[in-house]
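Structure record follows, encoded as structure tokens.
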2 protein chains.
Amino acid sequence: MNEEARGKAILKATPSELAPAEEIIAGNVVLLTKILARLPRKSIARFKSVSKHWLSLLSSIAGCGGDDLYKELWKACAGPLVDIPRVGERVLEASTNVEPNQRSPLFNPLNLPSQIICIVMDIQLRAERDTDEVYAVITLLPEQDQSEPTSPDSYPPEPLTPMLKSFCKVLTASDTISGFTVPQRLANECLPALDMNQQSPMQELIAKDLHGAEWRFKHIFRGQPKRHMLATGWSRFVSSKRLVAGDSVVFLRGENGELRVGVRRAAHRQSTMPSSLITIQSMHLGLPAATSQALAHQTIFTVPNKPRMSEFIVGLNKYLDAVNNRFRVGRRFKMRFAGEDCTIVGVEDLSAHWENSKWWSLRVQWDKAASISRPDRVSPWEIEPITCTLLFGVALRNPPDAR
Amino acid sequence: MNEEARGKAILKATPSELAPAEEIIAGNVVLLTKILARLPRKSIARFKSVSKHWLSLLSSIAGCGGDDLYKELWKACAGPLVDIPRVGERVLEASTNVEPNQRSPLFNPLNLPSQIICIVMDIQLRAERDTDEVYAVITLLPEQDQSEPTSPDSYPPEPLTPMLKSFCKVLTASDTISGFTVPQRLANECLPALDMNQQSPMQELIAKDLHGAEWRFKHIFRGQPKRHMLATGWSRFVSSKRLVAGDSVVFLRGENGELRVGVRRAAHRQSTMPSSLITIQSMHLGLPAATSQALAHQTIFTVPNKPRMSEFIVGLNKYLDAVNNRFRVGRRFKMRFAGEDCTIVGVEDLSAHWENSKWWSLRVQWDKAASISRPDRVSPWEIEPITCTLLFGVALRNPPDAR
DNA sequence: TTGTCTCCCGGCGGGAGACAA
DNA sequence: TTGTCTCCCGCCGGGAGACAA
């Protein structure tokens, strides 16, 4: 979406609520950007209380609704370890914009620094229309002060999210070729209760996915011994979403009883389909060009962000946290997402064009040979020191022994 | 494909045929490019006779084979009026790289001229993996002499293409829900003859599509009156390719009897799916950035080209031909592809950033209101004066009265 | 010549419990 | 508790000619 269209979309969303003065500003995102760029950073975080209209302008107007349930479903589909920055937060954007395992030439024709400090102006949580793969589109405004950060920023505490019941199940072979066996806990916590007095209890469930599409499932209680199952409608869902054994489904139940359903594909099934409308070369030049333009004119620019695929943004606090750890060659770590162990075998610049960049600065070696290709370079914030706390499956952001 | 990989692919293709000196050069496409850039333009066209190895290096090594049949099938799927430049030809590339009906801001941050004269170094004819939509990836080398061309270039005559039998049929409703009724002429000209002595003649046809995938069809002769039909295998093809009534299928028969099959979707069903790996903004900045870099360093760059969708390249001779026509406001024309009539209502620059650019300089008005969106701006070479010759369905490139 | 209909049969998909890990 | 198998029934998809444009 280009800037002009976005301004219009926002206006359309809440036209009657806007006071005239705000309307003029809100209608022109470029103008608003310029104003915001002149304000101290902390003001942005405070907009939340200053103006609800501006908050809505700055907040996600994403996809189908942007309601709490949508956001929770998105996060559930993205996986537990994906964290997305908040609006108003300071982040670092990697202007290299190219992953090291793609063997593309790493030029730096625009002489950009290796990373740029930005404020998050907007986050849109989206899902790929055909694969349901989740991604975020993040709108950034370059900071005027680009000096290397030293101390973490402080933000108001995250508002408490409503307690939602959710459940994720990895599909078995039987689930994909026959009906879906509903685990007991999922049935108890997330599904409306069946009337067990009836001889063959049955009800129809309606669950919305990330695109707002409704899926109808016949929820029954059968088999010997009896169990909860999803029958009619389930196979349509499986084939439409092209699910196979090993993929996961997520069920989510809102406080009002509303049901949501999402999918998460097995790690090795990630699909990237570069558009034929653009070449790889142009793709790699496009984002640096946009970044450079935004940096020069202090205007917003937009970055796509695919969890686990192409992440060019890291929260400032997370960055500081990671680089303050002393990464020695030989130290053993766990990859944040893959969950596999690896060892650091070198610390070096990704490219001579960006000296002292922390992005993909760690050369690593994996313990086990894997069928799926894994990166041989990672960024400090993508890995997790192996500590005893991990044995309990708890992924702490600040493991005590790593400081 | 990046440059390094391409060099390797070429080496792999004909390793034993290459003399050592050529091998070193051919292995380094960047080096070769620099050498070619120093040569006068006409030498490029003459490489055809100088070195078969270099010709193969410069020619398409596209998709699955790049054989004649593939090329002919690609052209048949693209449609009769699509013309792709030849390797060695001079073309103009629109550095605006953005279509006027997309409402994106037309900046020119790199101060590029409105068009750049290039030599075509390579053309790869490809098809979208999931939709079979055809497109070309064209590798260009900017010319050192960028002065406005005045006289057309001359090239050796196009080598005669082998006479191939081909047939295109628009699918009826019955074709998509039941078997495919083979038109008499298609059966006679393109399919192997059935043994009509048998009581129920039948044979299996194997046809390859643009991806090299083989499709098997049971070819039978039945019904009352008798007719040729494709039965078993046909419905798989229809659902795999997601064909509906109104789409077309193309059959092609090589001289050796080899069968090919392709699809062409109805005009209003064109699908564009921008990749979520890149934003629209970056996409529009990417190609200008690549162009600018190539222009500055006299290196090759690559442009994707979708017939009827996004075409940023026009042959130099075609360009001269078109701009030498006097386009008056009020003159009536036919759109090259849509086949619909329209009237020129204005001649103006697309944007103040590119003055006197011929790209999308004609503001037009369509005779009939249409359900599908049609451009309100076209380039001079995209339209065809309405002449009596068109009544015979012959699309002349240089209609005599238009000069 | 070829588009559409209807009829008819066989196979496959889904709905059920059985059984075992 | 839940993954997999098998059985069985109903219906839908495809294979055939009829008929008309």
Side-chain angles (χ1 to χ4, degrees), chain A residues 167-191 194 196 198-205 215-240 242-249 251, chain B residues 167-191 194 196 198-205 215-240 242-249 251:
Chain A
F167 196 90
C168 178
K169 185 194 180 186
V170 179
L171 296 184
T172 64
S174 301
D175 286 330
T176 58
I177 54 179
S178 176
F180 175 74
T181 301
V182 181
Q184 194 76 7
R185 237 191 77 212
L186 168 53
N188 292 340
E189 294 180 2
C190 290
L191 302 187
L194 278 176
M196 292 304 188
Q198 292 180 33
Q199 196 241 331
S200 52
M202 185 236 284
Q203 66 183 339
E204 187 177 49
L205 303 179
W215 297 92
R216 284 153 191 272
F217 303 111
K218 186 168 158 191
H219 174 199
I220 50 176
F221 192 72
R222 64 164 164 84
Q224 186 55 265
K226 297 278 188 200
R227 85 209 48 190
H228 292 270
M229 299 203 78
L230 298 188
T232 315
W234 173 253
S235 75
R236 271 182 66 83
F237 181 75
V238 168
S239 61
S240 293
R242 294 193 202 88
L243 297 176
V244 299
D247 294 340
S248 305
V249 286
F251 283 90
Chain B
F167 196 90
C168 178
K169 186 194 180 187
V170 179
L171 296 184
T172 65
S174 301
D175 286 332
T176 58
I177 54 177
S178 173
F180 175 74
T181 302
V182 180
Q184 193 77 6
R185 238 192 75 215
L186 169 54
N188 292 340
E189 294 181 0
C190 290
L191 302 186
L194 278 176
M196 291 304 187
Q198 292 179 34
Q199 195 243 331
S200 54
M202 184 239 284
Q203 66 183 341
E204 187 177 49
L205 304 179
W215 297 92
R216 285 154 191 272
F217 303 112
K218 187 167 155 192
H219 173 199
I220 50 177
F221 191 71
R222 63 165 165 83
Q224 186 58 265
K226 297 279 189 199
R227 84 208 51 188
H228 291 271
M229 299 203 77
L230 298 187
T232 314
W234 172 253
S235 75
R236 272 182 67 83
F237 181 76
V238 168
S239 61
S240 293
R242 293 192 202 90
L243 297 176
V244 299
D247 295 340
S248 305
V249 286
F251 283 90

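Here the structure is a predicted model, which means the values were calculated and not measured. Lettering of chains follows the sequences in order, A, B, ..., and the numbering in each one begins at 1.
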Whole-Å distance, B:Trp234 CH2 to D:dG15 P, equals 14 Å
A:Ser178 near the nucleic acid: base, sugar-phosphate alone, or nothing, with a heavy-atom cut-off under 4.0 Å?
-> nothing
Heavy-atom closest contact (A:Ser248 atom, A:Val170 atom, distance) = OG-CG2, 3.7 Å
Could you say whether B:Phe221 or B:Ser235 is positioned toward the 5' end of DNA chain D, judged by the nucleotide with the nearest heavy atom to each?
-> B:Ser235
Whole-Å distance, B:Arg227 CZ to D:dG17 P, equals 10 Å
Which part of the nucleic acid, if any, lies within reach of A:Pro225 when heavy atoms closer than 4.0 Å are counted: base, sugar-phosphate only, or nothing?
-> base
Figure out the CE/C1' separation between B:Met229 and D:dG14, and round it to whole Å.
-> 11 Å
Base partner of C:dA16, which must satisfy Watson-Crick or wobble distances under 3.5 Å = D:dT6
B:Met202 has an atom CE; how far is it from atom C1' of D:dA16, in whole Å?
-> 13 Å
Spacing of A:Lys218 atom NZ and A:Glu204 atom CD [to the nearest 0.5 Å] = 10.0 Å
For A:Asn188 and D:dT2, what is the distance between atoms CG and C1' respectively, to the nearest whole Å?
-> 14 Å
For the residue pair A:Phe237 and A:Leu230, establish whether any side-chain heavy-atom pair is separated by less than 4.5 Å.
-> no
Is the shortest side-chain N/O distance from A:Ser174 to OP1 or OP2 of D:dG3 below 4.0 Å?
-> no
A:Asp175 side-chain N/O to A:Thr181 backbone N/O, donor-acceptor pair under 3.5 Å | yes
Would you give the length of the straight line joining atom CZ of B:Arg242 to atom CG of B:Asp247, rounded to the nearest 0.5 angstrom?
-> 12.0 Å
Between A:Lys218 and B:Ile177, which has a closest nucleotide on DNA chain C that is more 5'?
-> B:Ile177
Do the side-chain N or O atoms of B:Thr172 get closer than 4.0 angstrom to the phosphate oxygens (OP1, OP2) of C:dT4?
-> yes
Tell whether A:Arg236 reaches the base of C:dG14 with its side chain through a donor-acceptor pair below 3.5 angstrom.
-> no
A:Phe237 has an atom CZ; how far is it from atom C1' of C:dG14, in whole Å?
-> 18 Å
Take the angle between the ring planes of A:Phe180 and A:Phe251 and call it parallel below 30°, perpendicular above 60°, tilted in between.
-> tilted
Among D:dG17, C:dA18, D:dA16, the one nearest B:Ile220 by side-chain distance | D:dA16
So, is B:Lys169 close to the C:dG3 phosphate, meaning a side-chain N or O under 4.0 Å from OP1 or OP2?
-> yes
Opposite nucleotide pairing with C:dA21, Watson-Crick or G-U, both atom distances under 3.5 Å | D:dT1
Contact under 4.0 Å: A:Arg222 side-chain N or O vs C:dA16 OP1/OP2 | yes
Identify which nucleotide among C:dG3, C:dT1, C:dG17 has an atom closest to any side-chain atom of B:Thr181, counting heavy atoms from C-beta outward.
-> C:dG3
Using atom CD of B:Gln199 as one end and atom C1' of D:dA16 as the other, report the distance to the nearest whole Å.
-> 12 Å
Comparing B:Gln184 and A:Gly233 on DNA chain C - which has the more 5′ nearest nucleotide | B:Gln184
Which base sits across from D:dC12 as a Watson-Crick or G-U pair, both distances under 3.5 Å?
-> C:dG10
B:Gln224 side-chain N/O to D:dA18 phosphate OP1/OP2 under 4.0 Å = yes
In whole angstrom, give the distance that lies between atom CZ of B:Phe180 and atom P of D:dG13.
-> 21 Å
